[in-house]
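For reference, the structure discussed in these notes is given below.
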Amino acid sequence: MEHPGPPRFVAVGDAIELAPRDPDPTETYAWHLRAAPVDSTIELPDDEPVVEFAPDAPGTYELELDASDRRHRLTVRAFPGDLAPAGRGVGASGGSGLSGYQSGSARTSGESGGVSGSGSGTHSEGGGGGRPRLQLHGDVEGTELVVRADPQPHPDSDADRDDVVVEFLVDDRDDVDRDQIAIEGWELRIPTSVVGDRVRVHAVAVEESYSVPDTIEFARETVPDGGDAQGRMVTVPDASAEGQGSEASDADAASDGGHTAADPESATGDAPGDDAAGSDAFEVVRTNDPPAWSTDVTLYEIYVRGFAGPPEDQQADTVFAAIEERLDYLESLGVDCLWLTPVLQNDHAPHGYNITDFFSIAEDLGDREDYEQFVEAAHDHGMKVLFDLVMNHSARDHPFYQDAYRNPDSAYYDWYDWKDDGEPETYFEWEYIANWNFSNLAVRRHLLDAVDTWFEIADGFRCDMAWAVPDSFWRELRDRVKSRDRDFLLLDETIPYIADFHDGMFDMHFDTTLYFTLRQVGRGDEPASAILDAIDQRAEVGFPPHAAFMLYIENHDETRYVVECGDDAAMAAAGALVTLPGVPMLYGGQELGQRGRRDALAWDHAREAFHEHYERLLEVREEIPALGYDGDLKRVDYGTDSDRAVAFERSLDDEAYVCVLNFGESTATVTLDTVSVDPTDAITGESLATDEGLAVDDVAVFPVA
């Protein structure tokens, strides 16, 4: 599987990292430039397996990778620099330049509240700048595979939707006769007879800049590669997009001379062999959609060394067993997905992110058998389990680092990034970790082997410091796990969030912008209406409509919300988690009114009002589908006597509800100008009607009459 992956879209001036997949560190790999735009003078380094490729002219580049199995072809489409998304700055490091604030995982215990938020994207320079959005829809029509694009201009753009250009590229890895591909405007068609086992079609929309790419995969039902025969792929029976009667202008005219997939010069695959016909039944897969289960859960973060309570109060033999004893409680609360902070051997920092052995469970927690037993017990309770995956660094106590430090002759010296003074590269001057060198194939091999190890006993990965790991590694990891389990979840921690991380890397994203905004609103620094602006920002920075977001108000890195913002705001923020679009996440103890960030949970001193509030809110979210992932959000005209209150509408099919959040200390009175509601609050079952309007203490949900 040494092919470097899907075709790439980039702008002149940006760089992308290219690397062989599933690498053998003992093999030799070399990159070559097969074809380039006439204005390009770019040259590739000799005999380097991992290269940073920065196009110097717009157009289509064809690169080749010499590997032990064969020579692989890779297409890179480069747009003019003025079409680059504003402030994107994504380089080989995967966009780390956008993140220059605490990402959190190894922050010292003295730091708290608001640090991560300052880079959330609310006021950042990253993303946006007229970036359009794109969603592809695939179908099988008779003997043709059809891809239709649904482009949308940037929300603030004055451009007509009909003027948005869509560019398609067919995956270089796939067996298809490119001469038979027909592209007209926003539609691509391929005869089934010219396709081998599968074909993947990638595309971007081009307006003032280019969109996050999207992908459709067609796989013959008889082929095992790219999915299994047990139906894990998503079948799309009728996915034609709306509003596609208009054709876009020719893509090359808008984006300076590149070739579309229909052009003979960009044909990079071999024609299908005689045995390629096989079955004409195809599965249609939207590869960038999150797993269906993941958008219908309530997440719960467990800080493993504190969740079960003080050690002296625990009767279980292991920490995993102690946590297992709380599964009945979590199930009754309404939790159905658990994220455990790292469980691997580490340098004894309680958070666990400074790892010394990527293949062994931490001795103070139990052993692998204990962990597997815990995961099985969680499954028996109907819960998924996310493994906290730390790929950016190791602990400085790791034996490889200990051998390499100030020892250039060490076999592990090139496994790490070093500064000129001989100290390791890291972020934010964290003193207990050292960054891996992803240009070293042995590092990639080591980490991919760890991925394979823990994939077997997890339902997904929460990916720590995703912004600090190369895009090429995440793309490989995604293909690696999704080829074995299409329903495996990939959740990124990126501060600020980065729209391009929904391009063949992650299913779900920390909504860092909403997190930061909820903190500002809770402190009274912003009006409550800013929450709706934070939701709108997802589209404004270019996230496609199929991207999923995890909503949270605290985690193990942040001051507890109730400490920073007070009880009243905390009750409203809890309501925000279950009424706004996204997947809610609770940090262990949040529902108990816990005040200590990483303290052992004070189960015996839980604040019952908080627990009852969260329990009822999660029940209501379950009872009202419009509040869930598929529900639409719409602004409504409302009046209020407090800028700490906000109202909005959630709807699905024929049901609609107006939600009101009040972060203030006093009851807020809200009037609705253009919509009529039943004043009976779905949360309390009580009428909140007064002569002046609807009286809301913290959160209320009203059915639209």
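- Proximity of Trp467 to Pro496: side-chain heavy atoms (C-beta onward) are nowhere separated by under 4.5 Å.
- Between Met383 and Leu330 there is a side-chain heavy-atom pair separated by less than 4.5 Å.
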Could you tabulate the donor-acceptor pairs under 3.5 Å formed by side-chain atoms of residues 622-634, not counting sequence neighbours?
from	atom 1	to	atom 2	distance (Å)
Glu623	OE2	Arg616	NH1	3.2
Tyr629	OH	His546	O	3.4

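- Closest non-hydrogen pair, Asp388 versus Thr341, comes out as OD2-CA, 3.7 Å.
- Using a distance-only test at 3.5 Å, with no hydrogens or angles considered, a donor-acceptor pair links the side chain of Thr579 to the main chain of Gly575.
- Residue pairs meeting the salt bridge (charged side-chain N to carboxylate O under 4.0 Å, His left out) criterion with at least one partner in residues 541-550, sequence neighbours excluded, do not occur; the list is empty.
- Using a 4.5 Å heavy-atom cutoff, the side chains of Met391 and Phe461 are not in contact.
- Here CH2 of Trp293 is found 4.5 Å from CG of Leu489. Values are rounded to the nearest 0.5 Å.
- Remark: aromatic rings of Phe648 and Tyr638 are distant, center separation not under 6.0 Å.
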* With side-chain contact (heavy atoms from CB on, under 4.5 Å) as the test, would you mind laying out the steps for Lys384 and Asp336 before giving the verdict? => CA-CA 6 Å; Lys384 304 287 188 180; Asp336 32 29; over 6 Å; no
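- For the pair Arg462 and Phe387, the NZ or CZ position fails the cation-pi test of under 6.0 Å to the six-membered ring centre and within 45 degrees of the ring normal.
- Salt bridge Asp471/Arg478: absent, no basic N to carboxylate O contact under 4.0 Å.
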* Could you give me the CA-CA distance, side-chain angles and deciding distance for Asp156 and Arg131, then say whether salt bridge (charged side-chain N to carboxylate O under 4.0 Å, His left out) is met? => CA-CA 9 Å; Asp156 297 332; Arg131 192 168 202 185; over 6 Å; no
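- Atom-to-atom distance recorded for Phe663:CZ and Arg644:CZ is 8.5 Å, nearest 0.5 angstrom.
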* For the pair Asp511 and Arg538, evaluate salt bridge (charged side-chain N to carboxylate O under 4.0 Å, His left out) and give the outcome as yes or no after the intermediate values. => CA-CA 9 Å; Asp511 195 334; Arg538 299 172 182 175; 2.8 Å; yes
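- A salt bridge links Arg305 with Asp364; the closest basic N to acidic carboxylate O contact falls under 4.0 Å.
- Contact annotation: the side chain of Val658 approaches that of Val675 to within less than 4.5 Å [non-hydrogen atoms, C-beta and beyond].
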If you look only at distance, which donor and acceptor atoms sit under 3.5 Å apart when one is on a side chain in residues 580-587 and the other is two or more places apart or in another chain?
from	atom 1	to	atom 2	distance (Å)
Tyr587	OH	Arg597	O	2.7

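- Taking the side chain as every heavy atom from C-beta outward, Leu617 and Ile683 approach each other to under 4.5 Å.
- Between Arg621 and Asp296 there is no salt bridge, since none of the side-chain N atoms of the basic residue sits less than 4.0 Å from a carboxylate O of the acidic one.
- Inter-residue side-chain proximity for Tyr427 and Met465 is flagged as met; some heavy-atom pair is nearer than 4.5 Å.
- Remark: the Thr513 side chain and the Gln537 side chain contain an N/O donor-acceptor pair separated by less than 3.5 Å.
- Between Asp697 and Asn662 there is no side-chain heavy-atom pair separated by less than 4.5 Å.
- If you check the side chains of His154 and Glu208, you find no donor sitting under 3.5 Å from an acceptor.
- The shortest side-chain heavy-atom distance between Tyr303 and His351 falls under the 4.5 Å cut-off.
- The cationic atom of Arg326 (NZ for Lys, CZ for Arg) lies less than 6.0 Å from the six-membered ring centre of Trp603 and within 45° of the ring axis.
- Classification of Arg635 and Asp533 as a salt-bridged pair holds, one side-chain N sitting under 4.0 Å from a carboxylate O.
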